[in-house]
K.L.:
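Here it is, the structure in full.
Worth saying up front: this structure is predicted, and the values here are computed from it rather than measured.
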Amino acid sequence: MGEFFESEIIQEELSEINRMQEKIYGSLLAFGSMTRDQKIEHIDMLTSLLDKQKIMYTRLSLSDDPKAIEMKENLRKSVVMMGFPPETDMQFLFNSMHATIQSLRDYVDA
């Protein structure tokens, strides 16, 4: 494991991201039957996860550790596999995802 991933802060943040992803994906199918408060809590967690992912991507972008560079490249490849063009600006993508989550919040609040 590279120097980047030896950082205790990075390890904790990646663990938290993974934990949040598992919780969100585990309850995704139940979203339609959740109460309004449960939906808001789910949306809040989505927002928090996206913020953490955005920060982690920025950290990866600032690192010259080969493993961090590899992880960043793998993330970019996964975006392409989701159907986005290879030149997609990741910050634009994060901002678009945030806007989508906000639209979901507005829908639940309506």
Side-chain angles (χ1 to χ4, degrees):
M1 190 176 285
E3 181 182 308
F4 180 82
F5 294 102
E6 291 174 6
S7 164
E8 188 175 324
I9 292 171
I10 297 299
Q11 289 179 16
E12 289 173 6
E13 283 298 308
L14 287 173
S15 291
E16 178 68 7
I17 287 170
N18 285 330
R19 185 191 65 74
M20 291 176 79
Q21 286 175 334
E22 288 173 9
K23 187 171 182 179
I24 288 168
Y25 297 142
S27 64
L28 191 59
L29 294 177
F31 187 80
S33 62
M34 290 179 183
T35 65
R36 180 191 171 282
D37 289 342
Q38 290 170 324
K39 288 177 181 178
I40 295 298
E41 182 180 331
H42 186 84
I43 293 167
D44 288 344
M45 189 179 295
L46 273 172
T47 302
S48 180
L49 174 61
L50 183 60
D51 291 342
K52 287 181 179 296
Q53 290 172 328
K54 187 175 181 179
I55 291 167
M56 184 58 66
Y57 185 81
T58 300
R59 287 179 171 157
L60 289 167
S61 297
L62 295 172
S63 177
D64 59 358
D65 181 288
K67 292 292 184 185
I69 293 168
E70 179 182 351
M71 184 178 205
K72 178 184 170 193
E73 187 55 35
N74 288 339
L75 290 170
R76 293 198 57 74
K77 287 178 184 175
S78 69
V79 168
V80 172
M81 287 176 30
M82 290 188 296
F84 292 92
E87 66 278 358
T88 298
D89 177 84
M90 292 299 286
Q91 296 307 320
F92 176 79
L93 181 65
F94 284 123
N95 291 340
S96 296
M97 292 168 81
H98 183 69
T100 299
I101 293 170
Q102 185 57 48
S103 294
L104 181 59
R105 181 184 308 278
D106 293 345
Y107 175 76
V108 169
D109 281 342

K.L.:
With a 4.5 Å heavy-atom cut-off, do Tyr57 and Leu93 have their side chains touching?
P.N.:
no

K.L.:
Is the closest basic N to carboxylate O distance between Arg76 and Glu73 below 4.0 Å?
P.N.:
no

K.L.:
Quick one: are Lys72 and Met90 in side-chain contact, heavy atoms under 4.5 Å?
P.N.:
no

K.L.:
I want to check something: taking the side chain as every heavy atom from C-beta on, are Phe5 and Met71 in contact at a cut-off of under 4.5 Å?
P.N.:
yes

K.L.:
Could you walk me through whether Met97 and Lys54 satisfy the side chain to side chain contact (heavy atoms under 4.5 Å, CB included) test, starting with their C-alpha distance in whole Å, then the side-chain angles of each, then the deciding distance to 0.1 Å, before giving a yes or no?
P.N.:
CA-CA 11 Å; Met97 292 168 81; Lys54 187 175 181 179; over 6 Å; no

K.L.:
Look at atom CD of Glu12 and say whether more than 12 heavy atoms of other residues, nucleotides or ligands are closer to it than 6.0 Å.
P.N.:
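Counting other residues, nucleotides and ligands, CD of Glu12 exceeds 12 neighbours.
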
K.L.:
Check step by step if side chain to side chain contact (heavy atoms under 4.5 Å, CB included) holds for Met34 and Ser27.
P.N.:
CA-CA 9 Å; Met34 290 179 183; Ser27 64; 3.9 Å; yes

K.L.:
Hey, does the side chain of Ser48 reach the backbone of Met45 with a donor-acceptor pair shorter than 3.5 angstrom?
P.N.:
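No, Ser48 side chain to Met45 backbone: no donor-acceptor pair under 3.5 Å.
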
K.L.:
I'd like to check Ile40 versus Asp44 (side-chain heavy atoms, cut-off strictly below 4.5 Å). Are they in contact?
P.N.:
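A side-chain contact under 4.5 Å exists here.
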
K.L.:
Would you indicate whether the side-chain heavy atoms of Phe31 and Val108 approach each other to under 4.5 Å?
P.N.:
yes

K.L.:
Is it the case that more than 12 heavy atoms not belonging to Met82 sit under 6.0 Å from its CE atom?
P.N.:
yes

K.L.:
Under a 3.5 Å cutoff, is there a donor and acceptor pairing between the side chains of Asp106 and Gln102?
P.N.:
yes

K.L.:
Please tell me whether Leu75 and Leu46 are part of a single hydrophobic cluster in this structure, the criterion being side-chain heavy atoms less than 4.5 Å apart.
P.N.:
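Same cluster: Leu75 reaches Leu46 through Ile, Leu, Val, Met, Phe, Trp or Tyr contacts under 4.5 Å.
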
K.L.:
Heavy atoms, side chains only, cut-off 4.5 Å: are Phe94 and Ile55 in contact?
P.N.:
no

K.L.:
So Glu16 and Leu49, do their side chains get closer than 4.5 Å, heavy atoms only?
P.N.:
no

K.L.:
Are Gln21 and Ile17 side-chain neighbours, meaning at least one heavy-atom pair lies under 4.5 Å?
P.N.:
yes

K.L.:
Please say whether more than 12 non-hydrogen atoms of neighbouring residues, nucleotides or ligands are located less than 6.0 Å from CG in Leu62.
P.N.:
yes

